[in-house]
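Right, one structure below, let's go through it.
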Amino acid sequence: MSSHRRPRRPNAALRLGSVALVLLLAAAAALAWNTYEQLRGMRQESERVRAQLMADSLSQRIGHALDIGIPLDGLVGVEALFNQRLGAHAEIQSIALLQGPGKVLWFVERERSAKATAGTVADAPITVRGEPRGTVRLALQETGAGPFARSAAILLLPTVLLLAALAFLAARFSEAQGVKLRNHAVRLAMRAIASGRYDRSIVLPHRRGFDLRAQQLGHAVRGVHETLTRVRRLISSLRQTEPQAQRREYLDMLLAEAQGTHRFADHGLTQVRVVAAEAQSFWTSLLMTLAAMALLGLAASASSAVADIAPLHFALLPAAFIVAATVAAWITQGRRWPVLSVLFSACAGLAALALVLASGALTGYNPLHLLPVVALWCGGFAGAALAACMTVEQVPRRQDFKHAMPRWPKAAIGAWVGATVWLGPALGSVAFTALGGLYGGLALTLPLLCASFLLLRWNEPRSPWRHRVGGRNLPQPTAAARTGLRAWGATACTAAASGLLMVLGWVAATAIPHGLSEAAVASALGVGLLGGLLDPLRRRRHTGAALGVAATLNALALALPGTGSWHIAALSVAALLTAYLLGHAVTSTQRTRHTTASATLLGAAIGALLAGGIAAAGLPTTSLMLVATLAVGASWWAQPRPQPWQPTRKDNDAA
């Protein structure tokens, strides 16, 4: 018999993200086509001038040789000169030296397809002492809409995917804080009423006037509780005035039966507050880490525009970021600072850095000295914010406080990994490319303002955000969270893989304006990671098959390097699968072992330093994906297999 499955409800976040993606793609295509049409005349004029300048340069070189008495048909090295110009300028299609009308002395042409059309042609006469001796004819390749569309896609496609991903996450958070939170509160109230529990009332901190179901159920529970209280007082009064013992015993029996069937509070109702703590910590960690990593990306993009940075130094920036985050998280966990104080301090520190970068006060400093300081500053505040957010989602369950379903496993660390791998570097690079250093720095204060607004909104009595950071606030490990060597290995391999992909995502996202392959790899990493975090695979054999495919594609892309479209497609698919498996590993390791923020970031720092070693050895960046896939595979192998007697929770509301 086939098991009955509940119908899958439509996902508003997925619909909104898809609609945003389609609209943004249509707007980007329309913008690119309009720009191409407006710049067509300017492009043709610039090509004509460039072709004429190149032809004049060649005619002057040949004219100098003829001026010393060498005949035109006796020149030596003309073909080598033409080939050298073809190799130096990729836009040149052909060069010819003509003597008189129709007589070609030398002709060099680049290979082209049969469908290619002729481009701009320029003729430069060769004159010696006022007498025309020949003509240099230079033809450029036809630059149609293809190259322009490719260059536009390099800039617009990551921007479109970034905005669509942010719209999807905003809708997901709105659902978790809105309709799903209210639905879960209503289900909790209904289950309590069905089980005869009239000693507690379900309360929503931020209820909406258009949905009063939880409030009405709370009033109904309060009415039943008050009715029983009045019945108790009435029976107590009747027992004092009733002379017949049989009737008094009957009244006592009715009261005992009511109290035995249902549960009532002796001293008033207990209010159970339903809060989406995991969703709130996910969003706060995402905004804080997004701003920190984007500021580092903005500073790196601004420094790369004025000075050349070695690839090794550039790859070590995320390693310095993660090391600083590890130290800050360890220090924060050892203190009993209030969570809100830590987060507001992080917002203030990052906003101050954004204003300093926007003011241009750091432009005169050496990038090799400035960027490590910026990485340490941003990483320290991001690590402290992560420790505070993980404290919020691990607050012990009290009788008067209950976390809302749906739960996001490892919400804060998942948001941290997603922001550092793709969202943060991509946002920083896009902000610098589109707005520049001044307005880009000011624009990156928007995530910090949003985080501050949300923290002020959640600052209420008996809120999980009122707790203090520290080990004494964390819950004791349960029997399900085993502390064996396999659990440690799974967590360590997952953290190391996240560090490797952080470096890869940093290098790919901050190099978006330079190549289509980097843009495709960065976008694939981000989309795959978000998919793995929010909707992981359910069956173990599917995960193993995906690991095999990802490892094969990574090995082929590393063994067969190239620049063709097939290589870009293979890299994109490999990055998509690798990032998806990393997101799945981050969400699945929470069932094996609870780890602190500093321990998780320590593993990520080791992975980032390993990536720096790979870059120092001169290996290609595609090898980072292969090593990350192997680390994720080791994590998958080290995870304990689910026992057949263990029930599997099926929650269609899983965020």
Side-chain angles (χ1 to χ4, degrees), residues 169 277-296 318-350 375-395 408-425 447-448 451-452 454-455 458 464-465 467-471 473-474 491 494-496 498-499 501-502 529 533 582-583 586-587 589-590 594-608:
L169 291 176
E278 286 85 354
Q280 293 175 0
S281 62
F282 179 91
W283 194 248
T284 305
S285 177
L286 179 69
L287 290 174
M288 301 289 289
T289 313
L290 180 65
M293 201 67 180
L295 286 173
L296 180 59
F321 180 91
I322 301 173
V323 169
T326 306
V327 175
W330 178 70
I331 295 175
T332 305
Q333 289 172 180
R335 304 290 181 177
R336 288 188 51 80
W337 291 326
V339 169
L340 290 174
S341 299
V342 174
L343 294 175
F344 280 127
S345 300
C347 287
L350 293 175
L376 295 176
W377 181 271
C378 295
F381 284 117
L386 175 63
C389 292
M390 291 186 69
T391 300
V392 171
E393 67 181 6
Q394 295 161 5
V395 168
W408 290 1
K410 294 287 183 180
I413 191 64
W416 203 89
V417 173
T420 51
V421 169
W422 178 55
L423 290 175
L448 300 173
S452 301
L454 293 177
L455 292 174
W458 297 333
W465 298 91
H467 285 73
R468 292 179 177 270
V469 183
N473 283 330
L474 300 180
T491 306
T494 301
S498 66
L501 287 190
M502 283 176 194
L529 185 61
L533 288 172
L582 174 62
V586 170
T587 57
T589 50
Q590 58 91 22
H594 163 70
T595 53
T596 60
S598 59
T600 305
L601 292 179
L602 179 61
I606 294 174

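When a residue number appears, it is its place in the shown sequence, counting from 1. Please read these numbers as outputs of a predicted model, since none were measured by experiment.
- Smallest separation of non-hydrogen atoms from A419 and L290: CB-N, 3.9 Å.
- In this view, T494 and S635 satisfy the side chain to side chain donor-acceptor pair (under 3.5 Å) rule, not counting sequence neighbours.
- Rounding to the nearest 0.5 Å places CG of L296 at 11.5 Å from OG1 of T420.
- Side-chain contact between L529 and L501 is absent, with no heavy-atom pair separated by less than 4.5 Å.
- From M293, atom CE reaches atom CG of L350 across 12.5 Å, with rounding to the nearest 0.5 Å.
- The shortest distance between side-chain heavy atoms of L454 and L287 falls below 4.5 Å.
- Proximity of a side-chain donor or acceptor of T289 to a complementary backbone N or O of S285 within less than 3.5 Å is detected.
- T332 OG1 to M390 CE: the interatomic distance, rounded to the nearest 0.5 Å, is 12.5 Å.
- Scanning all heavy atoms of the two residues, the minimum distance from A329 to A597 falls at CB-CB, 4.2 Å.
- In terms of heavy atoms, L376 sits closest to A324 at O-CB, 3.5 Å.
- Contact record, L601 with I322: O-CG2, 3.6 Å, taken as the closest heavy-atom pair.
- With sequence neighbours excluded, the residues satisfying side chain to side chain donor-acceptor pair (under 3.5 Å) with S598 are Q333, T596.
- Using a 4.5 Å cut-off on side-chain heavy atoms (C-beta onward), L582 and S498 make contact.
- Side-chain atoms of S281 come within 3.5 Å of backbone atoms of E278 as a donor-acceptor pair (strictly under, hydrogens ignored).
- Pairing each heavy atom of L533 with each of T587, the nearest pair is O-CG2, 3.3 Å.
- Residue L295 holds its CG atom at 11.5 Å from CZ of F381, rounded to the nearest 0.5 Å.
- What you find for T391 and R468 is that their closest heavy atoms are CG2-O, 3.8 Å.
- Remark: side-chain polar atoms of W337 are not paired, donor with acceptor, to backbone N or O of A388 under 3.5 angstrom.
- The shortest side-chain heavy-atom distance between F282 and L169 falls under the 4.5 Å cut-off.
- Within the model, atoms SG of C347 and CE of M288 stand 3.5 Å from one another, a figure rounded to the nearest 0.5 Å.
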Pairs of donor and acceptor atoms involving the side chains of residues 411-418, under 3.5 Å and at least two apart or interchain, shall be tabulated with distances.
none

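- Rounding to the nearest 0.5 Å gives a distance of 10.0 Å between OG1 of T326 and CZ of F321.
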